[in-house]
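In what follows, every heavy atom counts, from backbone to side chain, and hydrogens, waters and symmetry copies are set aside.
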Amino acid sequence: MQNSNTHSFSNILEYVKTELNEFDKNTEWLDTSICSNFLTSGSINIVSAGSGVGKTYFIVSFAIFLLKNKIINRVIHLNFDGNTDIFTARKQSQDIKNFYALNQWFHIRAEDLMGKGISLTQFIKKQIETKADLKKTLFIYDSFVNFVPKLNDTDEVSKFMSLLRMCSNLGAIHWINTHNKKGEDIYSGSGMILNLSDATWMLKSTKNKDKFVFLFKNIKGRHLYKNQAFELLFDDNTIIGLDYDEASRTNLQNELIDAICELLHKNPLGLTQTKILQSIGRSRFDKTARNILLQNSGKLWEIQTRGREKIVTIL
């Protein structure tokens, strides 16, 4: 009896064990000419921001860029917010229609699924059951609360994320737009959102008359993600990669950097940090100015120790 049970359990182990080639996998970055260490193949990515920040505007434009550059093969946009006239206003419609003709873009609303008698769970489970080839397929979810109405419910969040994980094991890239807690710079919902994602990003943006500037700050990552910044031009829907540190500076920080650079150019032999702060009218205890000095060491200037003094020289 014991041998029979042992044999039976051994058969089960052999049947359910992970395939050996899974252990040959490496992180597959979707690196492009405008970014690196941002998205990976087979991943769950949460993007959280306040209202009106441009979450959908960005990811649709970015997805178009990825398709045009053959970084991905297909986009499946589960747009349960439902609004489609925004694509024309944002000059994205023609590209979407071109990809539709090539079966590279699928836009799905809640009523499109329900009208065919298909639930979201069935839609996702069918991909898993048939072991669909989801490599280089980008799924966009607008927005998280439409798929998990009770975002604070740990069980509901865990069930949904577990389904996405099984799809990501088939190569799928999941991009989930969600909202911040009201008045706070943190996503709304259960802590399992953070725990079960591969990357969680806080998104901020500034809107000018001709462009958006997007800042993505990585607050959790299973891989070596880097903070990202992009410029999206309204006129032709072009996305340009920016240096995150430069793009995220405030006007005050830029003013301090300009003042320090001008001062160091006039003093090529260098100045002490205290002398610099005094010369630009800042207290030696000013944290903002001192952080500027430290953060830009090796980029704009160099800080060297000479005796007991720290000397700053322009690069």
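Under a 3.5 Å cut-off, the side chain of Lys207 and the backbone N or O of Phe212 do not form any donor-acceptor pair. A donor-acceptor distance shorter than 3.5 angstrom exists from the side chain of Asn296 to the backbone of Ile292, with no hydrogens or angles considered. Here the side chain of Asn11 pairs no donor or acceptor atom with the backbone of Ser8 at under 3.5 angstrom. When atom types are taken as modelled, the side chain of Gln228 and the backbone of Lys226 share a donor-acceptor pair closer than 3.5 angstrom. Counting only distance, with no hydrogens or angles, the side chain of Asp153 and the backbone of Asp155 share a donor-acceptor pair below 3.5 Å. Formation of a donor-acceptor pair under 3.5 Å by the Ser205 side chain with backbone atoms of Val53 is found in this model. Put simply, the side chain of Arg222 gets close to the backbone of Ser197: a donor and an acceptor are under 3.5 Å apart. Using a distance-only test at 3.5 Å, with no hydrogens or angles considered, no donor-acceptor pair links the side chain of Ser297 to the main chain of Leu294.
Looking at Gln253 and Thr288, their side chains never bring a donor and an acceptor atom within 3.5 Å of each other. In this structure, a donor-acceptor pair under 3.5 Å is absent between the side chains of Asn45 and Asp198. In this model, a donor atom of one side chain and an acceptor atom of the other lie less than 3.5 Å apart for Asn177 and Asp142. With 3.5 Å as the limit, one finds a donor-acceptor pair spanning the side chains of Thr137 and Arg74. Between the side chains of His179 and Tyr187, no donor-acceptor pair of N or O atoms lies under 3.5 Å. Looking at Asn251 and Glu255, their side chains never bring a donor and an acceptor atom within 3.5 Å of each other. Side-chain contact of Ser43 with Ser168: a donor-acceptor pair under 3.5 Å is absent, judged by distance alone.
One finds the CZ atom of Arg282 at 14.5 Å from the CZ atom of Phe285 (value rounded to the nearest 0.5 Å). Note that the CG atom of Leu277 and the OG atom of Ser283 stand 7.5 Å from one another [nearest 0.5 Å]. Interatomic distance, Lys209 NZ to Phe234 CZ, rounded to the nearest 0.5 Å: 12.0 Å.
Between Phe62 and Trp175, the ring-plane angle classifies as tilted under the 30° and 60° cut-offs. The aromatic rings of Phe38 and Trp201 lie perpendicular to each other, with more than 60° between the two planes, well past the 30° mark.
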Q: Take His107 and Phe87, measure what side chain to side chain contact (heavy atoms under 4.5 Å, CB included) needs, and give me the verdict at the end.
A: CA-CA 12 Å; His107 181 276; Phe87 301 125; 3.8 Å; yes
Q. Between Phe147 and Tyr141, is a ring-ring contact (aromatic ring centres under 6.0 Å, His included) present by the stated rule, with each step listed?
A. CA-CA 8 Å; Phe147 304 94; Tyr141 300 84; 5.3 Å; yes
Q.
Walk me through whether Phe58 and Phe216 qualify under ring-ring contact (aromatic ring centres under 6.0 Å, His included).
A. CA-CA 11 Å; Phe58 173 82; Phe216 289 86; 4.9 Å; yes
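A salt bridge links Asp185 to Lys204: at least one charged side-chain nitrogen sits closer than 4.0 Å to a carboxylate oxygen. A salt bridge is defined here as a Lys NZ or Arg NE, NH1 or NH2 lying under 4.0 Å from an Asp or Glu carboxylate O, and Lys211 with Glu231 meets this definition.
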Please output the side-chain donor-acceptor pairs of residues 257-273 that fall under 3.5 Å, not counting sequence neighbours, one pair per line with the distance.
residue : atom : partner : partner atom : Å
Asn267  : ND2  : Leu263  : O            : 2.9
Thr272  : OG1  : Lys275  : N            : 3.0

